[in-house]
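Pasting a structure here, questions to come.
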2 protein chains.
Amino acid sequence: MVTIKDVAKATGVSPSTVSRVIADNPRISPDTKKKVRKAMKDLGYHPNVNARNLVAKSTKAIGVILPSSADKSLQNPFFPEVLRGIGSITHKMQYSMTLSSGDTEEEIFNEVERMVYGSYVDGVILLYSRVNDRITDFLIETNFPFVIVGKPYDNVSNITHVDNDNFKAGKDITSYLIEQGHERIAFIGGAKDLFVTVDREAGYEAAMREAGISENPAYKLHTEFLKSGGREAVEKLLSLDVKPTGVVVTDDLMSLGVLSTLEELGFHVPFDMSLVSFNNVYLSEITRPALTTVDVQIHQLGAQSAKALIELTLNKDEPAKRIIIPHQIVYRDSVSKIEK
Amino acid sequence: MVTIKDVAKATGVSPSTVSRVIADNPRISPDTKKKVRKAMKDLGYHPNVNARNLVAKSTKAIGVILPSSADKSLQNPFFPEVLRGIGSITHKMQYSMTLSSGDTEEEIFNEVERMVYGSYVDGVILLYSRVNDRITDFLIETNFPFVIVGKPYDNVSNITHVDNDNFKAGKDITSYLIEQGHERIAFIGGAKDLFVTVDREAGYEAAMREAGISENPAYKLHTEFLKSGGREAVEKLLSLDVKPTGVVVTDDLMSLGVLSTLEELGFHVPFDMSLVSFNNVYLSEITRPALTTVDVQIHQLGAQSAKALIELTLNKDEPAKRIIIPHQIVYRDSVSKIEK
DNA sequence: CTGTTAGCGCCTTCAT
DNA sequence: ATGAAGGCGCTAACAG
């Protein structure tokens with residue numbers, strides 16, 4: 001391994017001078033800079049991160065914490081996409097990113113502990129938000145820089161987080177359905193303790209209310225995320241005497257399941273049933289019909305969270321922020337107009 | 001930050017003793033061990049990785065290199081799943097994993113360079129395999145430990161890699177179609193410079209040959225991975241005078257596109273057309289019909305590669321290995337029997 | 001069984 | 001503008 005000393009020796013200067021050249025210190029003569037740089041290149045010198053981190057007390061690395069992978073939620077294309085978003089920033093800033101790998105909450109907690117106490121990373125991004133989360137609490141207690149993608153379950157104004165306006169997104173997409181003439185609109189969401197679900201549902205309710213459509217509890221269903229593709233939910237809806245004509249589903253991958261079940265039971269989308277969804281991951285354009293869905297800009301969610309985190313690590317008393325990524329409906333073929 | 005010295009002072013021993021306690025050195029008296037451990041706990045001591053890495057010349061971290069994300073291939077649920085597989089091992093071995101984040105090949109190359117020269121990681125896993133890959137060449141030249149998930153384009157016997165027997169997988173699944181009475185079987189694969197495609201295709205051909213079915217070039221198609229869901233390929237097949245009765249598609253996500261196009265054009269799977277696929281990612285069970293597909297055990301691909309890599313890093317002259325993960329067909333509803 | 005010493009590779013005062 | 005010296009936190013001989 002080529003060290004700073006080797007370069008120094010080769011150039012006939014002292015190690016500290018080389019160090020200064022690396023840092024591009026202004027009070028090193030252009031001449032020696034050139035010489036040193038050449039030697040570095042010739043010898044194939046590369047700084048050793050660990051040595052550097054040790055004295056700098058910073059790692060230029062951020063930890064990304066995935067939700068516990070008990071369920072299959074990790075197969076949601078959402079994740080690779082946020083990772084790419086995060087990566088786009090870390091790469092540009094020459095940071096590296098470390099992924100959590102635990103399966104259970106306990107395991108993940110231990111990892112985060114290691115990351116924090118062991119100075120593995122300068123900060124972490126939480127890719128989930130759970131009620132009463134030990135990890136969040138721990139991060140707050142230790143005053144370690146972190147940001148949440150999504151909405152914190154608590155301390156909302158003290159935790160930097162990047163999110164969509166899910167209430168509005170839910171309202172917008174529901175309103176669209178209403179504009180298309182639908183009135184009997186159902187809602188299929190994920191677990192009720194997830195803020196995404198709650199907020200999108202509230203948006204759905206608001207749109208219905210504003211349109212003067214009375215609420216129908218039988219139209220509001222919740223299903224374990226990904227559990228057999230929302231089959232039960234769909235069956236329940238279709239067993240109703242007065243069936244809905246449209247459904248709002250809170251996730252594209254879930255929509256795929258809903259779509260399948262619907263068609264399997266003989267209900268053709270969008271003719272017999274309209275369907276709208278959220279996220280706009282790749283598969284929403286290759287399903288049949290292609291899904292009309294809310295583009296939440298997953299990539300941006302990742303990128304902005306990384307950016308905010310890095311700022312936090314650079315300046316510990318940067319105030320907590322709430323960053324809202326705008327959404328946009330992308331219209332495809334899963335909705336039909338109802339003529340009155 | 002609590003250091004080893006603090007613990008030493010608090011216990012009245014020397015720093016090296018504390019260090020030995022951490023390493024659980026056998027020739028430290030149980031008594032002092034206990035004392036020291038208590039102090040560590042009381043003070044909240046956690047070893048600093050960077051300091052440790054610096055002297056150990058090992059980082060207990062591995063780098064995972066994703067393919068350049070120019071295309072959307074990263075949205076393939078394949079990736080989260082390998083990551084989980086890798087993570088299951090790194091976690092167990094207390095390793096951490098660093099993800100590449102570059103977009104272009106150039107960017108990724110630079111990252112790998114940093115990882116290698118900067119001692120960021122002890123080894124890397126390549127999640128792709130390209131022809132004439134600079135990164136692979138670089139890793140070989142620098143004699144840096146690495147393993148490939150998939151088949152190396154060159155030096156096959158000198159590079160540790162973990163893969164499926166894609167030839168056999170292709171053959172098995174095609175044979176299954178033949179057993180079900182199909183004779184006009186088409187093949188839709190990804191880019192021809194990917195070994196997965198090539199091998200699975202060779203398997204398909206072998207099965208056809210052995211069954212005495214003459215080859216039909218018009219039945220063999222290649223499509224940009226994920227490009228508009230293989231629409232063109234399907235259209236081409238359906239424009240043929242003698243249409244196939246079955247299709248072998250090399251990836252579940254592609255199958256989703258194929259399926260959609262097929263149905264959209266009025267061909268119902270499996271009645272008008274049978275469809276088999278590869279990978280067995282979650283969505284293959286929620287499509288309609290659910291896909292009969294080859295389970296390639298993605299999780300195992302990841303886990304075994306991590307295991308092999310860690311062995312490599314621990315023992316640099318561990319011989320190169322070729323690890324084949326067995327596959328298995330999972331039968332679902334996308335194939336129908338043809339009575340003669 | 002435990003302490004002392006040196007050094008991993010780098011950065012940063014403090015001199016000059 | 002540059003060098004020398006010390007130290008980041010930890011481990012690994014070498015003593016005893």
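Quick note on labels: first sequence line is chain A, next is B, and so on, each numbered from 1.
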task: Within residues 29-50 of chain B, find the residues that approach DNA chain C with a heavy atom at under 4.0 Å, and present them sorted by residue number.
output: B:Ser29, B:Thr32

- request: Give A:Ile4 one of three labels, base, sugar-phosphate or nothing, depending on what nucleic acid heavy atoms sit under 4.0 Å from its own.
  value: sugar-phosphate

message: Counting the atoms with a prime plus P, OP1 and OP2 as sugar-phosphate, which does B:Gly118 contact under 4.0 Å by heavy atoms, base, sugar-phosphate, or nothing?
response: nothing

- request: Give A:Val13 one of three labels, base, sugar-phosphate or nothing, depending on what nucleic acid heavy atoms sit under 4.0 Å from its own.
  value: sugar-phosphate

field: Boundaries of the chain A footprint along DNA chain D (any atom under 4.0 Å from a heavy atom)
entry: D:dA1 to D:dG9

task: Describe, in one word, how the ring planes of B:His46 and A:Tyr117 are oriented to each other, choosing from parallel (under 30°), tilted (30 to 60°) and perpendicular (over 60°).
output: parallel

- prompt: With a non-hydrogen cut-off below 4.0 angstrom, is B:Ser16 in contact with a base, only sugar-phosphate, or nothing?
  reply: base

task: Identify whether any heavy atom of A:Ser19 sits under 4.0 Å from a base atom; if not, whether one sits that close to sugar-phosphate; answer base, sugar-phosphate or nothing.
output: base

query: Stepwise, does the side chain to side chain contact (heavy atoms under 4.5 Å, CB included) test hold for A:Phe79 with B:Leu83?
result: CA-CA 11 Å; A:Phe79 290 103; B:Leu83 288 182; over 6 Å; no

Touch class at under 4.0 angstrom, heavy-atom based, for B:Arg27 against every strand present: base

task: Using chain B heavy atoms and a threshold of under 4.0 Å, write down where along DNA chain C the contacts begin and end, 5' to 3'.
output: C:dC1 to C:dG9

- prompt: Hey, which of A:Glu113, A:Glu106, A:Glu107 is the one that makes salt bridge (Lys or Arg N to Asp or Glu O under 4.0 Å) with A:Arg134?
  reply: A:Glu106

